[in-house]
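Let me begin by presenting the structure, written as structure tokens, before commenting on it.
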Amino acid sequence: MFKMRYVITSLATLFIVNIFMQQGKCNFASKRRAYAKILGFSWENCGKSGDPIVTKILEVSPDPISVPGDLNATATASTAVELAAPLSLNVTLDKDVAGFWVKVPCVEQLGSCDYSDACELLDSLIPPGQDCPEPLHTYGIPCHCPFKAGEYSLPPSEFHIPDVDLPFWLTNGKYKVEGILGNKGQELGCLKVSFALHST
């Protein structure tokens with residue numbers, strides 16, 4: 001899933017990409033080396049009726065997912081319109097604190113953040129002109145804007161999650177991440193991901 005997220009990012013899961021694949025690029029005042037487990041991963045479309053972007057399948061295993069470790073993923077998403085820059089991405093991260101969902105603020109571009117253009121973020125992850133990483137390349141899945149209208153599918157694939165330095169504020173607990181992708185003030189799609197994190 002963590003490569004397919006270069007596509008699913010356009011459907012609002014860039015936050016997870018940044019945490020588990022791009023920690024080395026972040027300058028947190030305090031980070032900690034962690035061995036983590038992600039439990040109870042679930043997702044749902046949270047967009048309005050008629051939104052052009054819809055996630056149809058997003059399956060990951062095992063449960064729990066170990067970090068570092070290997071995981072298997074299958075994903076299918078579709079867009080009824082071409083996705084071209086600028087694509088705004090509004091991410092809201094909530095944590096369960098004593099039974100209440102509390103919004104986590106934006107810290108060093110992680111957390112509840114508003115990104116002006118997800119296309120620029122994709123370019124920062126994979127420089128333009130560079131081949132898309134596997135298995136995107138094999139299955140003809142693009143990793144840069146624009147994304148043509150149509151369906152994008154990732155067959156069952158295995159990925160390795162490397163060691164990461166977790167930000168100091170990402171502590172054990174239950175989390176919800178909601179991402180809304182838009183263009184020129186129009187909502188294109190919304191995806192909500194829920195999971196629990198246990199780190200040592």
| Whichever hydrophobic residues join Val102 through chains of side-chain contacts under 4.5 Å | Val97
| Nearest heavy-atom pair of Ile161 and Ser66: which atoms, and what distance? | CD1-O, 4.1 Å
| field | Thr92 (side chain) donor-acceptor with Ser112 (main chain) under 3.5 angstrom | value | no
| request: Work out which heavy atom in Ile126 is nearest to a heavy atom in Pro133; give both atom names and the distance. | output: CD1-CD, 3.4 Å
| said: Quick one, Ser194 and Lys174 - any side-chain contact, counting heavy atoms below 4.5 Å? | reply: no
| task | Group every Ile, Leu, Val, Met, Phe, Trp and Tyr by side-chain heavy-atom contacts under 4.5 Å, then state whether Leu83 and Tyr139 land in the same group. | result | yes
| request: Please tell me if the side chains of Asn172 and Ser199 come closer than 4.5 Å, counting only heavy atoms from C-beta onward. | output: yes
| Nearest-0.5 Å distance, NZ of residue Lys176 to NZ of residue Lys103 | 13.0 Å
| said: Checking the side chain of Glu134 only, and the main-chain atoms of Thr138 only, is there a donor and an acceptor separated by less than 3.5 Å? | reply: yes
| said: Using every non-hydrogen atom in the two residues, find where Asp96 and Gly99 come nearest and quote the distance to one decimal. | reply: OD1-N, 2.9 Å
| If you look at every heavy atom in His144 and Leu122, which pair is closest and at what distance? | CE1-O, 4.2 Å
| Which residues share a side chain to side chain contact (heavy atoms under 4.5 Å, CB included) with Cys119, sequence neighbours left out | Ala85, Leu87, Asp117, Cys145
| request: Please report the shortest heavy-atom distance between Lys148 and Thr79, naming the atom on each side. | output: O-CG2, 3.6 Å
| field | Ser42 side, atom OG; Leu58 side, atom CG - distance, nearest 0.5 Å | value | 10.0 Å
| request: Can you spot which of Ile65, Ile38, Asn72 makes a side-chain contact (heavy atoms from CB on, under 4.5 Å) with Val60? | output: Ile65
| query | So which heavy atom on Lys192 is nearest to which on Cys46, and how close? | reply | N-SG, 3.7 Å
| task | Verify the neighbour count for atom CD of Glu151: are there more than 12 heavy atoms of other residues, nucleotides or ligands below 6.0 Å? | result | yes
| Run the side-chain contact (heavy atoms from CB on, under 4.5 Å) check on Asn45 and Leu191 step by step: do they pass? | CA-CA 5 Å; Asn45 288 295; Leu191 184 71; 4.3 Å; yes
| request: Examine Phe195 together with Tyr175 and report whether their ring centres are nearer than 6.0 Å. | output: yes
| query | Heavy-atom distance under 4.5 Å between the side chains of Val67 and Tyr35, does that happen here? | reply | no
| query | Is it true that a side-chain atom of Asn183 and a backbone atom of Pro86 form a donor plus acceptor pair closer than 3.5 Å? | reply | yes
| Would you call the rings of Phe147 and Tyr152 parallel, tilted or perpendicular if under 30° counts as parallel and over 60° as perpendicular? | perpendicular
| note | Rounded to the nearest 0.5 Å, the OG atom of Ser153 sits from the CD1 atom of Ile57 at a distance of 7.0 Å
| query | Under a 4.5 Å cut-off applied to non-hydrogen side-chain atoms, are Thr76 and Leu154 in contact? | reply | no
| said: Does either side chain, that of Lys95 or that of Thr171, offer a donor lying less than 3.5 Å from an acceptor on the other one? | reply: yes
| query | Going from CD1 on Ile180 to CD on Glu187, what distance comes out if it is rounded to the nearest 0.5 angstrom? | reply | 5.0 Å
| query | Do Ile53 and Val81 belong together in a cluster built from hydrophobic side chains that touch within less than 4.5 Å? | reply | yes
| query | Is any side-chain heavy atom of Asp63 closer than 4.5 Å to a side-chain heavy atom of Phe41? | reply | no
